[in-house]
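One structure below.
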Amino acid sequence: MIDLRSDTVTKPTKAMLEAMMQANVGDDILREDISVQELESLGAKITGKEAGLFTVSGTMSNQIAVMAFTQRGEEVIVGAESHIYNLEVGGLAALSQVQVKAISCPVGKIPLDTLNRSIRSAGVQNPRTGLLCLENTYNLNRGYAIPAEEIQVASDIAHQYEVSVYMDGARIFNAAEKLQTCVPTLCQSVDAVQFCLTKGLAAPFGAVLTGSAAFIEKARWLKQRLGGGFRQAGYMAAAGTIALQTMQKQIAEDNRKADFLAAKLQKIHPDLVVWDGSMTNIISLDLSGFSITDEAFLQGLLQKGIKIKSLDEKKYRIVCHKDTSWDDLNYVETVIKHLLLRVDAAQI
Ligand SMILES: *Cc1c(COP(=O)(O)O)cnc(C)c1O
């Protein structure tokens with residue numbers, strides 16, 4: 001099976017499994033797990049922040065960050081296409097008790113005039129704007145990589161009003177590779193950031209949240225409240241450390257694979273994929289111009305051993321990752337071409 005639904009399907013490498021066997025562990029709630037502390041320091045260093053916190057997931061990092069930065073009843077500005085807004089079970093309302101102002105970022109770009117207008121001024125009837133949340137890469141928004149300058153300008157606007165800025169950097173390494181920049185540069189102007197270990201980095205578990213030492217102290221306490229306090233989590237952290245040390249080259253290759261497949265798919269029909277130089281390892285397929293039904297398309301792929309993710313009517317997502325080969329991508333293109341051009345796919 002060629003599974004292109006997400007880079008979360010990646011399995012750990014042998015080096016990660018070996019590191020897990022040798023991890024130096026202890027009770028992490030008592031701060032006695034050396035492997036967890038190593039991962040947290042490395043995460044902080046890699047993002048250019050003071051301190052780090054190993055969490056269960058990107059979702060948990062995001063929710064803890066919002067809980068740490070906001071007060072009940074405040075307003076949080078998020079991208080309308082963001083993970084934190086669309087795919088976290090209403091956590092902002094349920095956990096932080098904030099209300100959301102969602103602004104649409106059609107081509108990945110944060111519309112600065114809208115952002116400026118969205119920050120509320122003081123007033124007896126106004127909710128206070130508590131936080132600006134950014135996302136890089138912008139997952140549901142075609143995996144755009146957001147350049148450092150754009151993050152800087154948006155952060156400057158928020159900071160001018162004393163509003164903190166948080167970045168969901170689940171795939172920040174894909175963004176840095178694509179933009180040919182380093183991760184600290186992308187994180188420089190935000191107050192806190194998180195990245196996932198379980199996407200292209202292929203670790204089996206976890207995410208790392210980073211920020212100032214004071215922020216991380218508060219975040220650690222909130223993590224405990226959510227039941228996220230760890231004991232011998234060093235086994236998982238050790239895999240994460242190896243992921244950070246060894247998988248950067250793979251991330252660059254994942255982006256190149258997506259470039260390669262997107263270019264091939266574009267040759268089938270120019271409107272089939274939306275692709276430009278700012279996209280990373282996520283390819284968005286748009287089948288509006290084709291008569292094939294969603295069911296026939298997905299079934300046709302499945303019969304040929306290919307899984308992709310359906311996002312909406314006639315909209316799909318393909319994610320390139322370490323467990324798909326270049327040959328697989330050639331095969332995927334051939335199968336899609338046959339399905340769309342209604343050639344008998346049985347002979348592939
Ligand atoms: C995957 C993802 C998350 C959530 O991470 P989990 O570890 O699956 O909870 C958050 N934000 C973005 C942008 C993601 O792509």
Side-chain angles (χ1 to χ4, degrees), residues 3-12 39 43 47 52-67 76 78-92 94-96 100 102 105 108 110 131-146 151 165-178 183 186-187 190 192-210 219 222-223 226-228 230 233 236-237 239-240 243-244 247 251 254-255 258 278-284 309 311 317-321:
D3 195 341
L4 297 165
R5 288 170 300 169
S6 178
D7 43 12
T8 55
V9 302
T10 45
K11 305 261 170 66
L39 172 65
T47 51
L53 179 69
F54 186 30
T55 68
V56 169
S57 62
T59 301
M60 183 185 261
S61 293
N62 284 348
Q63 293 301 324
I64 289 174
V66 178
M67 288 165 82
V76 171
V78 301
E81 305 81 2
S82 64
H83 193 284
I84 206 166
Y85 181 48
N86 294 286
L87 298 175
E88 300 190 10
V89 211
L92 298 188
L95 298 169
S96 295
V100 162
C105 310
I110 308 137
L131 184 67
L132 167 64
C133 294
L134 305 175
E135 185 175 310
N136 202 9
T137 65
Y138 206 160
N139 176 355
L140 293 180
N141 207 337
R142 307 187 185 124
Y144 281 110
I146 319 289
I151 300 164
V165 183
Y166 169 68
M167 183 159 71
D168 174 357
R171 293 187 182 81
I172 195 73
F173 301 101
N174 293 81
E177 278 296 341
K178 189 68 184 203
V183 174
L186 291 177
C187 302
V190 304
V193 62
Q194 80 92 16
F195 59 81
C196 289
L197 296 164
T198 55
K199 308 236 155 126
L201 292 178
F205 177 92
V208 181
L209 175 64
T210 73
L222 290 166
K223 184 180 98 147
L226 295 176
F230 292 148
M236 292 301 181
L244 290 174
M247 299 300 288
I251 296 282
D254 295 349
N255 286 349
S278 57
M279 288 147 195
T280 48
N281 67 326
I282 298 174
I283 302 173
S284 304
K309 185 167 172 164
L311 290 181
R317 188 181 82 168
I318 288 177
V319 186
C320 293
H321 54 75

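It should be emphasised that the depicted structure is a prediction, and the values quoted were computed from it without experimental measurement. One-based numbering, in listed order, for ligands and for the atoms of each. Count residues from 1 along the sequence.
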(message) So, regarding R171 and ligand 1 (criterion: nitrogen or oxygen to nitrogen or oxygen, under 3.5 Å), is there a contact or not?
(response) yes
Of all the heavy-atom pairs spanning [X] and [Y], show the shortest one and how long it is.
| X | Y | value |
| --- | --- | --- |
| R171 | S6 | NH2-OG, 3.9 Å |
| I283 | A258 | CD1-O, 3.5 Å |
| A65 | Y166 | CB-CE1, 3.4 Å |

(request) Could you tell me whether S57 approaches ligand 1 through its side chain, its backbone, both or neither, with non-hydrogen atoms closer than 4.0 Å? (result) both
(request) Select one of side chain, backbone, both or neither to describe which atoms of L87 lie under 4.0 Å from any atom of ligand 1, heavy atoms only. (result) neither
Can you sort out which atoms of ligand 1 are near [X], meaning under 4.0 Å from one of its heavy atoms?
| X | result |
| --- | --- |
| N62 | 10 (C), 11 (N) |
| C196 | 5 (O), 7 (O) |
| E135 | 13 (C) |

(message) Can you report which non-hydrogen protein atom sits closest to atom 9 (O) of ligand 1, along with the distance?
(response) T59 OG1, 2.6 Å
(request) Identify the protein heavy atom lying closest to atom 11 (N) of ligand 1, giving its residue, its atom name and the separation to 0.1 Å. (result) D168 OD2, 2.5 Å
May I ask you to decide if [Y]'s main-chain N or O and [X]'s side chain share a donor-acceptor pair within less than 3.5 Å?
| X | Y | result |
| --- | --- | --- |
| N255 | N174 | yes |
| K178 | S278 | no |
| T210 | G52 | no |

(request) From atom 1 (C) of ligand 1, work out which of E81, H83, K199 has a heavy atom at the shortest distance. (result) K199
(request) For atom 7 (O) of ligand 1, state which one of A170, G206, G79, G58 supplies the nearest heavy atom. (result) G58
(request) Kindly indicate, with the supporting measurements, whether the criterion side chain to side chain contact (heavy atoms under 4.5 Å, CB included) is fulfilled by S82 and D168. (result) CA-CA 9 Å; S82 64; D168 174 357; over 6 Å; no
